[in-house]
Amino acid sequence: MSKSLKDNVFDLISKNYTKLGDIMPDFKATNGDLSDFHLSDIKKDFKLISTAPSIDTKVCFLQTEKFNEEVEKYPNVQFITITRDLPFAQARVCGSFLKPNHILLSDAFARDFGTKTGFAIVFLPLLARTVMILDKNNKVIYQQIVNPAAKNEPDYNEVENFLKTLK
């Protein structure tokens, strides 16, 4: 039986994915300038990590754009978007509007994020659509895994309501 992004996302990712209450493992990803990024480099009180299959699709673009609009409301939150697109594609699609407190990362080279978190889709070199919020110690204090990953957007109201509770 063939699988698709329209299937149940929990059948497409590792059964050992990072869950609410877990400590997010430190991971290596690639910044837009091709330099290395490590989660441990971020010292803000909170981190919002938004993952998407491909920035170059309508839903993934809307997801990135929506979180980018929220960045300035939450100065104590580092916004991070991760896809497995190459940094060049990410820059082409989002480079003109991304705000300074919103980091766009590629998991295309090291594939460390998808591997360590279990959010890599097992039959494609893509990530599942998720939103996670981490505390200062990188504990997952909020998690939303969008199902199916192909065409559904995150529940932005739910995310924003949680962000408003952060001090």
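- For T51 (side chain) and A128 (main-chain N/O), a donor-acceptor pair under 3.5 Å exists by modelled atom type.
- Between K47 atom NZ and L39 atom CG the span is 6.0 Å, to the nearest 0.5 Å.
- Residues L105 and N31 have side chains in contact (heavy-atom distance under 4.5 Å, counting atoms from C-beta outward).
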- Task: Go through the steps for Q144 and T130 under the test side-chain hydrogen bond (donor to acceptor under 3.5 Å, both in side chains), then give the verdict.
- Result: CA-CA 6 Å; Q144 187 181 141; T130 68; over 6 Å; no
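- Both M24 and I13 belong to a single network of hydrophobic side chains, linked directly or stepwise wherever heavy atoms of I, L, V, M, F, W or Y lie under 4.5 Å apart.
- Placement of I141 and I42 in two distinct hydrophobic clusters is found when ILVMFWY residues are connected by side-chain heavy-atom separations under 4.5 Å, directly or transitively.
- Judged purely by atom type and a 3.5 angstrom limit, D107 has no side-chain atom pairing as donor or acceptor with the backbone of T83.
- Residues T30 and P87 approach most closely at CG2-CG, 4.0 Å, considering heavy atoms.
- Between N137 atom CG and I23 atom CD1 the span is 6.5 Å, to the nearest 0.5 Å.
- Side-chain contact between T64 and I55 is present, with at least one heavy-atom pair separated by less than 4.5 Å.
- Taken to the nearest 0.5 Å, the NZ atom of K99 stands 13.0 Å off from the SG atom of C94.
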Contacts under 3.5 angstrom, residues 117-127 side chains, donor-acceptor by atom type, not counting sequence neighbours:
from, atom 1, to, atom 2, distance (Å)
T117, OG1, F113, O, 2.7
T117, OG1, F119, N, 3.3

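- Distance check: I103 CD1 to I80 CD1 gives 5.0 Å after rounding to the nearest 0.5 Å.
- In this structure a side-chain-to-backbone donor-acceptor pair under 3.5 Å is missing from D45 to K136.
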Discussion item. side-chain hydrogen bond (donor to acceptor under 3.5 Å, both in side chains) for Q63 and S50? Distances and angles first, verdict last.
Written reply: CA-CA 8 Å; Q63 177 179 341; S50 169; 2.6 Å; yes
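- For residues 46-79, every residue pair satisfying the ring pair (Phe, Tyr, Trp, His ring centres under 6.0 Å) rule, not counting sequence neighbours, is listed here: F61-F97, F67-Y156.
- Applying the salt bridge (Lys or Arg N to Asp or Glu O under 4.0 Å) criterion to E69, with sequence neighbours excluded, gives no partner residue.
- With a 4.5 Å cut-off on side-chain heavy atoms, Q78 and N101 count as touching.
- Taking a cutoff of 4.0 Å between a charged side-chain nitrogen and a carboxylate oxygen, R92 and D56 qualify as a salt bridge.
- Listed for the D135 side chain is a donor-acceptor partner under 3.5 Å among the backbone atoms of K139.
- Side chain of Q143 to backbone of T18: a donor-acceptor contact under 3.5 angstrom is found.
- In terms of the salt bridge (Lys or Arg N to Asp or Glu O under 4.0 Å) criterion, residue partners of K73 (sequence neighbours excluded) are, by chain and number, E70, E160.
- Proximity of Y17 to I145: side-chain heavy atoms (C-beta onward) are separated by under 4.5 Å at one or more points.
- Between the side chain of T115 and the backbone N or O of D112, no donor-acceptor pair lies under 3.5 Å.
- Judged by distance alone, with hydrogens and angles left aside, the side-chain atoms of D22 form a donor-acceptor pair with the main-chain N or O of K19 at under 3.5 Å.
- Not a single donor-acceptor pair under 3.5 Å links the side chain of S106 to the backbone N or O of R84.
- The hydrophobic cluster containing I49 does not contain L166, counting ILVMFWY residues as joined when their side-chain heavy atoms lie under 4.5 angstrom apart, directly or transitively.
- Under the 3.5 Å distance criterion, the side-chain polar atoms of K44 are matched with a main-chain donor or acceptor of P75.
- In this structure, the side chains of R129 and C60 come closer than 4.5 Å at one or more pairs of heavy atoms.
- Residues passing the salt bridge (Lys or Arg N to Asp or Glu O under 4.0 Å) test with D36 are K28, sequence neighbours excluded.
- In this structure, the side chains of L62 and E153 come closer than 4.5 Å at one or more pairs of heavy atoms.
- Residues L34, L86, F88 make up the rest of the hydrophobic cluster containing F109, defined by ILVMFWY side-chain heavy atoms closer than 4.5 Å, directly or through other members.
- Residues M132 and V71 are members of separate hydrophobic clusters, defined by side-chain heavy-atom contacts under 4.5 angstrom among Ile, Leu, Val, Met, Phe, Trp and Tyr.
- Between L163 and Y142 the shortest side-chain heavy-atom distance does not fall below 4.5 Å.
- Each of N152, V159, N157 was compared with D155 under the side-chain contact (heavy atoms from CB on, under 4.5 Å) criterion, and only N157 meets it.
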